[in-house]
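The structure appears right after this line, and notes come after that.
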Amino acid sequence: MKLTGKTVVLGVTGGIAAYKACELASRLRKAGAEAHVIMTKNACEFVAPLSFETLTNHPVVTDTFARPETWEVEHVALAKKADIFVIAPATANIMAKMACGIADDMLSTTVLATKAPVLVAPAMNTGMWESAATQENVQTLKKRGVHFVGPEGGYLACGDSGAGRMSEPEAIFDAICGILCPVQDMEGLNVLVTAGPTREALDPVRYITNHSSGKMGYAIAEAAQKRGARVTLLSGPVQLKAPAGVEVVDVLSTQDLYERMMERCDQQQIIIQAAAPADFTPVAFAEEKIKKDESGGMILQLKETQDVAKAVGKRKQKGQVLVGFAAETEKVTEHAKGKLAKKNLDMIVANDVTRPGAGFNVDTNIVTFITADGMEDMPQLSKADVAQMLLDRAMKLYRKK
Ligand code: PMT
């Protein structure tokens, strides 16, 4: 069974969709998971705890204030036991508490204490979902790595129509499986990812660089490794921990990146270039620190660096998939399409780096996937989610070759 040996803590909050959580609990049990349910006081108004107790074969945790002697033990124990923490349905209220770190009942306390991945399935009235407060809370939680499934659009119990319906139990179950048992569809593939900035030295103490933190590339490398690929990460100077199981090759300048890339690119099935290599480098490197000379300024002469992606594109191997990024500030898709063609890429991931929540040195990105066949605009997502979507598309292209 798919989830044998896995412990799922299912938090149920007060909403009409609480009845659907019964089906989810039943699916989890049938898939071999051990499910423990925590219900808020309001959730108990919609569904009786006994329903979940019968479906999961475990006592349901509700209001622990009635049993203060078990409070500590219970919330810490379940928080530690969880392989995944799911909240379905999740009201605007529980998301607000999670975003602020409020722990005033068993569910909010336990989810605050857990180190397990958290998946939230929101369900609420459209107005509540679309409110600035809820949307800000969602973004805060996403930035912290909380996973979301839904909400869906459609007819709501309150009579309104719009976004706010909880995803179906099947979709929530699939999202749980996706987190607990990631696909191994990249097994046996060599994947090379580039990440971070480069530094172009002027003299022994100064250099030209950019704002890249490496987060985007590192998220891709980590995701590909978890999907079974042998991953090489050519990394500019960043402050990130190497993802487990990934071979990291440090590079400093664009020339370094070019050389390390040329040594390795022919052996790769997929190459994803998320690095931000400098396009220009000083014509000359001053051996000693450049001094001020009372002239009031200096003219720095630069020359173009190697275009690494273009060089890889020129020697593209049969069956190889090449993915580039385009960091743009205007005419985003137009410029990105130009780079797709010029660098002989199979896909380019365009990001408008001027948008809040996108591009350099943030935990989220807003991207458009562009191939010869078309374009797909994505909403603001965590870089981990962008990485998964990018790999899904790269694998599709790889299978087609
Ligand atoms: O690192 P983060 O802080 O997470 O930020 C992520 C990011 C903004 C760096 C990333 O999402 C991104 O957009 N990476 C590409 C940055 C860039 O150099 O874009 P570009 O449009 O200038 O280059 C297009 C492509 O050519 C890129 O794949 C780039 O890696 C490559 N390139 C660029 C210059 C060069 N000399 N050689 C190259 O290979």
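In listed order, ligands and their atoms are each counted from 1. For the single chain, residues carry numbers from 1 onward in sequence order.
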(message) Using a 6.0 Å cut-off, check whether atom NZ of Lys401 has over 12 heavy atoms from anything other than its own residue.
(response) yes
(request) Among all protein heavy atoms, pick out the one at the shortest distance from atom 20 (P) of ligand 1; state its residue, atom name and that distance to 0.1 Å. (result) Lys339 NZ, 3.6 Å
(request) Name all pairs fulfilling the salt bridge (charged side-chain N to carboxylate O under 4.0 Å, His left out) condition that reach into residues 258-278, sequence neighbours left out, sorted by first residue then second. (result) Arg260-Glu263, Asp266-Arg315
(message) Consider side chain to side chain contact (heavy atoms under 4.5 Å, CB included). Of Gln139, Lys215, Lys383, which one does Asp363 pass it with?
(response) Lys215
(request) For ligand 1, find out whether one of its N or O atoms is nearer than 3.5 Å to an N or O atom of Met216. (result) yes
(message) Within 45 degrees of the ring normal and closer than 6.0 Å to the centroid, is that where the cationic atom of Lys142 sits relative to Phe148?
(response) yes
(request) Among all protein heavy atoms, pick the one closest to atom 37 (N) of ligand 1 and tell me residue, atom and distance. (result) Val308 N, 3.1 Å
(message) I need the atoms of ligand 1 closer than 4.0 Å to a non-hydrogen atom of Thr305, numbered in the order shown.
(response) 36 (N)
(message) Out of His211, Lys215, Lys383, Gln306, who is nearest to atom 36 (N) of ligand 1 when you count heavy atoms only?
(response) Gln306
Solution key, residues 3-15 side-chain donor-acceptor pairs under 3.5 Å, sequence neighbours excluded:
{"unit_1": "Thr4", "atom_1": "OG1", "unit_2": "Met1", "atom_2": "O", "d": "3.0"}
{"unit_1": "Thr13", "atom_1": "OG1", "unit_2": "Pro89", "atom_2": "O", "d": "2.5"}
{"unit_1": "Thr13", "atom_1": "OG1", "unit_2": "Thr91", "atom_2": "N", "d": "3.2"}

(message) With a 4.0 Å cut-off on N to O distance, would you call Glu187 and Arg227 a salt bridge?
(response) no
(message) Could you identify the single nearest non-hydrogen protein atom to atom 14 (N) of ligand 1 and state the distance to 0.1 Å?
(response) Ala274 O, 3.0 Å
(request) Give the atoms of ligand 1, by number and element, whose distance to some non-hydrogen atom of Ala278 is under 4.0 Å. (result) 36 (N)
(message) Please compare Ala309, Ala336, Ala275 and report which has the shortest non-hydrogen distance to atom 29 (C) of ligand 1.
(response) Ala275
(request) Return the residue, atom name and 0.1 Å-rounded distance of the protein heavy atom closest to atom 5 (O) of ligand 1. (result) Gly359 O, 3.4 Å
